Number of protein chains: 2
Amino acid sequence: MSYQNEITIKMEFKEAKNKFVQTWGALGSQWGINKTMAQIHALLMVSHEPVSMEDIMEELQISRGNASMNLRALMDWGIVYKEYKAGERREFFTAEKDLDELAVKISRERSKREIKPALKVLKEVSSIQSDNTEAEKHFVDQTTKLYDFVLKADNVLDKITEYKDNWLAKLVVKIMK
Amino acid sequence: MSYQNEITIKMEFKEAKNKFVQTWGALGSQWGINKTMAQIHALLMVSHEPVSMEDIMEELQISRGNASMNLRALMDWGIVYKEYKAGERREFFTAEKDLDELAVKISRERSKREIKPALKVLKEVSSIQSDNTEAEKHFVDQTTKLYDFVLKADNVLDKITEYKDNWLAKLVVKIMK
DNA sequence: TTAAACTTTCAAAAAAAAATGAAAGTTTGT
DNA sequence: ACAAACTTTCATTTTTTTTTGAAAGTTTAA
């Protein structure tokens, strides 16, 4: 294989990697996760070896502070880990690469951070006493239904996390009967 | 019941409604849906009767343009409907109130708008030819796994929408064995 | 056809969220 | 204990997203 070809292939890889990172970042934005956080995660997901903060900054063209804060956030979510290399002073980072484990962790965190607090409010507002106007009856009825629905959906997520290994495949089989 | 009590109860209702609308709006933000859009949806969800644009503007303290654009977006999502009242010039709006139907519509739209395009990119980037470096092998391997995973997850959503009635309850039963 | 009663559009303004970078903090080897 | 090598913090700046509001557009009734 010629030198020219080798360069061509290398470019292709870099382009593909970049496209993946950009796409994952954009998807993150649409799901309420900040772009850089999603990009760092994407980068670590497809990196063979642990990556230093310096390299992350370089590849994504972001500042040290930005990298630091988003890595911290990813570690708080439990989907990125710090690693220490023997004889190396600086820290390296790796992403959770097992996709089932990743899904489980994201589900758990979103449940804890967002769904549980929302449930609390739903319970609260659906508990106003009111057998008065139609409007009030409808409000209580609708928020109660919403509470039940969200609670059930949240429990499904909980159950899913118990399956751990291969829950998605099992789920597909069951759903399809 | 005294006049004073009636006022007290009315206030409680308004407070509860307001709290619900605010909470739903905040939840929307965290999930990549703009606050006003989520608030309008919340308002319509718990409203007994169709609501005019004027009333939405008044209750949420937003401009005409904002109300118009977000109502349009909600209708594009298929979860809010225009209604015409006999003899009335202006338009009224109602939300999809059946929660199963709501979940189905949101799933379908997010699949179409976000997941399908992401899948296309995943397929593309995982298809670079490369049996060269470890880094490239890992990239192809990981993006291929991600493609399979996202595809499966997306299919689960599709299957769920076929169940339509009560899919959630059935799912819970199945999951729990 | 006209005008009143509405709704929609979109350029500009405002608000919210994210990123920067320099100073402060921490850790490790000598 | 010191200083080199690194990371974190946070006030400020930048970018992105959302909102406004006035002009343009539409519909309906007379």
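Naming: A, B, ... by sequence-line order, numbering from 1 per chain. Keep in mind that this is a model prediction, so the values were computed, not measured.
Remark: C1' of dA4(D) and CZ of R90(A) are 15 Å apart, rounded to the nearest angstrom. The CD1 atom of I62(B) sits 12 Å away from the P atom of dG21(D) (whole-angstrom rounding). Remark: C1' of dT20(D) and CG of L60(B) are 15 Å apart, rounded to the nearest angstrom. Rounded to whole angstrom, the span from the CG atom of L74(B) across to the P atom of dT18(D) amounts to 13 Å. In this structure, the CG atom of N34(B) is 14 Å from the C1' atom of dT20(D), given to the nearest Å.
Under the 4.5 Å side-chain criterion, counting only non-hydrogen atoms from C-beta, Y147(B) is not in contact with V125(B). Looking at W24(B) and L146(A), their side chains come closer than 4.5 Å, going by heavy atoms from C-beta outward. A 4.5 Å side-chain heavy-atom check between I56(B) and L44(B) finds at least one atom pair inside the cut-off.
Between I33(A) and R64(A), the residue anchored nearer the 5' end of DNA chain C, judged by the nucleotide with its closest heavy atom, is I33(A). Closest-nucleotide positions on DNA chain D for E88(A) and M69(A) were compared, and the one nearer the 5' end corresponds to E88(A). Between M53(A) and S29(A), it is M53(A) whose nearest contact on DNA chain D lies nearer the 5' terminus. Nucleotides of DNA chain C nearest to N70(A) and Y84(A) differ in position, and the one nearer the 5' end is that of N70(A).
Put simply, the side chain of T144(B) gets close to the backbone of V140(B): a donor and an acceptor are under 3.5 Å apart.
Nucleotides of DNA chain C lying under 4.0 Å from heavy atoms of chain A occupy a range whose first and last members, 5' to 3', are dA18(C) to dT28(C).
Across all strands, N66(A) comes closer than 4.0 Å to base atoms (heavy-atom distances). Using a 4.0 Å heavy-atom distance criterion, T36(A) is classed as a sugar-phosphate-only contact.
Between S63(A) and M57(A), the shortest heavy-atom contact is O-CG, 4.0 Å.
Of the residues Q39(A), K35(A), K17(A), the one that meets the side chain to side chain donor-acceptor pair (under 3.5 Å) test with Q22(A) is Q39(A).
Distance check, rounded to the nearest 0.5 Å: CE of M45(A) to NZ of K97(A) gives 9.0 Å.
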